Asker: 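So that we are looking at the same thing, I have put the structure below in structure tokens.
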Amino acid sequence: DYLNWHDFEFIKHVSDRDGIDVTGKDMRVWRMRGIGIFQDPNDISLVIVASGVLCAYFVTDKTLKGLRLAWLVPMAILTVGLLLTRSRGGLLTAGGAGMALLLCRFGGRTAFVGALAGLCLLPFIAGRQADISIGDGTGHARIELWREGLAEIRSADILFGIGEGMYADVAGLVAHNSYVHAYVELGLVGGTFYFGCFFFAALALYRQKDLNLELEDEQFKRFHPYLVAMLVGWCTGMLSLSRCYVVPTYMILGLSAAYINLAGMHANPRCLLVSWDRKHLFRLASASAMLFVAINVFVRVFAG
């Protein structure tokens, strides 16, 4: 539909502001979007990346033999789709997922080389989508949104926030950062629990690798780096997008939770990778406090 090969009347793509030209006029760009809960280009870009990681899992499945190469076709379509969303958050998601996958499968050197290659190719394949700057333009405007939101909870609202859906009322727009958005709307308590969903998922996946668990199912074990890539990619994308309350965010968390429970059951011997106890509560509170302080320091330094 976006490329005008066929007109699906129920799909309406969105025109978005993309900076200012030399004459001072707004420049517009058409961004591809989907339908239903994926009408936002940013939403569909995150799901595209997660789907691409799943395709990569099947491409590398040697048990499929030559048939596995067929998965390169949807990977190519997804890559084109990601670029057509013009989503910088989606591009960051892809970068985070790719780095995590290379790191888990091939080690730090390969991940470093892959990162350099990706940075060199970005200006040629992504154009303006790869123009990510925090000094001016959209990047700086988003940091100012974070500052205005954080200013609202330096009061009696700091524990439980200003209320769900209220960020745009105090800052004009949503935060474009899921962690800032959660801390402002849900307070330190709610924001910590939101952050904790990803903190414990990452901790459990790290422990599975660190403990070198002997899993009975080889394919289940092989899926580990791909799930890490999806989780890391999503967490990276949320740095520039407000996606606290959308279904796909909890799909990633649900997938992680299911895998973590199954990993413990398939381990030899069986074990719990994470348990909710006083020690882990302290770790969550400490990590959340460090993130909250880091966000405030970052805003103070770069908001100007």
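Model, not experiment: these values are computed from the prediction.
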Asker: So, do Val14 and Pro41 sit near enough that their side-chain heavy atoms are less than 4.5 Å apart?
Answerer: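 Yes - at least one pair of side-chain heavy atoms lies under 4.5 Å apart.
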Asker: Heavy-atom count check: over 12 atoms from other residues, nucleotides or ligands less than 6.0 Å from Phe10 CZ?
Answerer: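 Yes - once you tally the heavy atoms of other residues, nucleotides and ligands closer than 6.0 Å, there are more than 12.
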Asker: Does the Ser178 side chain pair with the main chain of Leu241, one donor and one acceptor, at a distance under 3.5 Å?
Answerer: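 Yes: the side chain of Ser178 pairs with the backbone of Leu241.
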Asker: Considering residues, nucleotides and ligands other than Phe112, do more than 12 of their heavy atoms fall under 6.0 Å from its CZ?
Answerer: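 Counting neighbours around CZ of Phe112, 12 or fewer heavy atoms of other residues, nucleotides or ligands fall under 6.0 Å, so no.
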Asker: When you measure from the side chain of Trp234 to the backbone N and O of Thr93, does any donor-acceptor pair fall under 3.5 Å?
Answerer: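 Absent.
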Asker: Quick one: does any side-chain atom of Tyr167 pair with a main-chain N or O of Leu145 as donor and acceptor, under 3.5 Å?
Answerer: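 Confirmed, Tyr167 side chain pairs with Leu145 backbone.
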Asker: Using modelled atom types and a 3.5 Å cut-off, is there a donor and acceptor pairing between side-chain atoms of Glu185 and backbone atoms of Met166?
Answerer: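 Yes, because the side chain of Glu185 sits within donor-acceptor range (under 3.5 Å) of the backbone of Met166.
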Asker: When you measure from the side chain of Arg207 to the backbone N and O of Leu273, does any donor-acceptor pair fall under 3.5 Å?
Answerer: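 Pair found, side chain donor or acceptor close to backbone of Leu273.
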Asker: Going by atom types only, do Thr85 and Ser45 share a side-chain donor-acceptor pair under 3.5 Å?
Answerer: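 No donor-acceptor contact under 3.5 Å links the two side chains.
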Asker: Under 3.5 Å, is there a donor-acceptor pair linking the side chains of Thr60 and Arg222?
Answerer: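 Present: a donor and an acceptor within the cut-off.
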Asker: Does atom CD1 of Ile35 have more than 12 heavy-atom neighbours, drawn from other residues, nucleotides or ligands, at distances under 6.0 Å?
Answerer: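 No, not enclosed.
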Asker: Output, in order, the C-alpha distance, side-chain angles, deciding distance and verdict of side-chain contact (heavy atoms from CB on, under 4.5 Å) for Ile153 and Phe292.
Answerer: CA-CA 12 Å; Ile153 60 170; Phe292 184 74; 3.9 Å; yes
Asker: Give me the atom names and distance for the closest heavy-atom approach of His280 to Leu203.
Answerer: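 The pair with the smallest heavy-atom distance is CD2-CD2, 3.8 Å.
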Asker: Hey, are Asp40 and Arg243 close enough for a salt bridge, meaning a charged N less than 4.0 Å from a carboxylate O?
Answerer: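 Salt bridge present between Asp40 and Arg243.
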Asker: Has Asn177 got a side-chain atom pairing as donor or acceptor with Leu239's backbone, closer than 3.5 angstrom?
Answerer: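 A pair under 3.5 Å: yes.
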Asker: Grab the two heavy atoms, one from Asn42 and one from Ser87, that are nearest each other, plus how far apart they are.
Answerer: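 Closest approach of Asn42 to Ser87, heavy atoms only: OD1-OG, 2.8 Å.
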Asker: Can you give me the closest heavy-atom contact between Leu231 and Ser256, atom names plus distance?
Answerer: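 Result for this residue pair: CD1-OG, 4.1 Å.
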Asker: For a 4.5 angstrom cut-off between non-hydrogen side-chain atoms, does Leu82 reach Leu78?
Answerer: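 Heavy-atom side-chain distance check fails, nothing below 4.5 Å.
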Asker: Got more than 12 heavy atoms from elsewhere within 6.0 Å of OH, Tyr250?
Answerer: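 Counting neighbours around OH of Tyr250, more than 12 heavy atoms of other residues, nucleotides or ligands fall under 6.0 Å, so yes.
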Asker: List the atom of Ile48, the atom of Gly81, and the distance in Å for their closest heavy-atom pair.
Answerer: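 Scanning both residues, the minimum pair turns out to be CD1-C, 3.8 Å.
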Asker: My understanding is that only one of Lys12, His13, His6 makes a side-chain hydrogen bond (donor to acceptor under 3.5 Å, both in side chains) with Asp1; could you say which?
Answerer: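 Single pass found, and it is His13.
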Asker: Sub-3.5 Å donor-acceptor pair from the side chain of Tyr259 to the main-chain atoms of Gly254, do we have one?
Answerer: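 No; zero donor-acceptor contacts below 3.5 Å.
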Asker: Can you confirm if the aromatic rings of Phe200 and Trp276 lie within a centre distance of less than 6.0 Å?
Answerer: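 Here the rings of Phe200 and Trp276 have centres that are less than 6.0 Å from each other.
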Asker: For the side chain of Asp61 and the backbone of Tyr57, is there at least one donor-acceptor N/O pair under 3.5 Å apart?
Answerer: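 Flag not set: sc Asp61 to bb Tyr57 has no pair under 3.5 Å.
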Asker: Is there a side-chain contact between Cys244 and Thr249 in this structure, where contact means two heavy atoms from C-beta onward sitting under 4.5 Å apart?
Answerer: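 Answer no - side chains too far apart.
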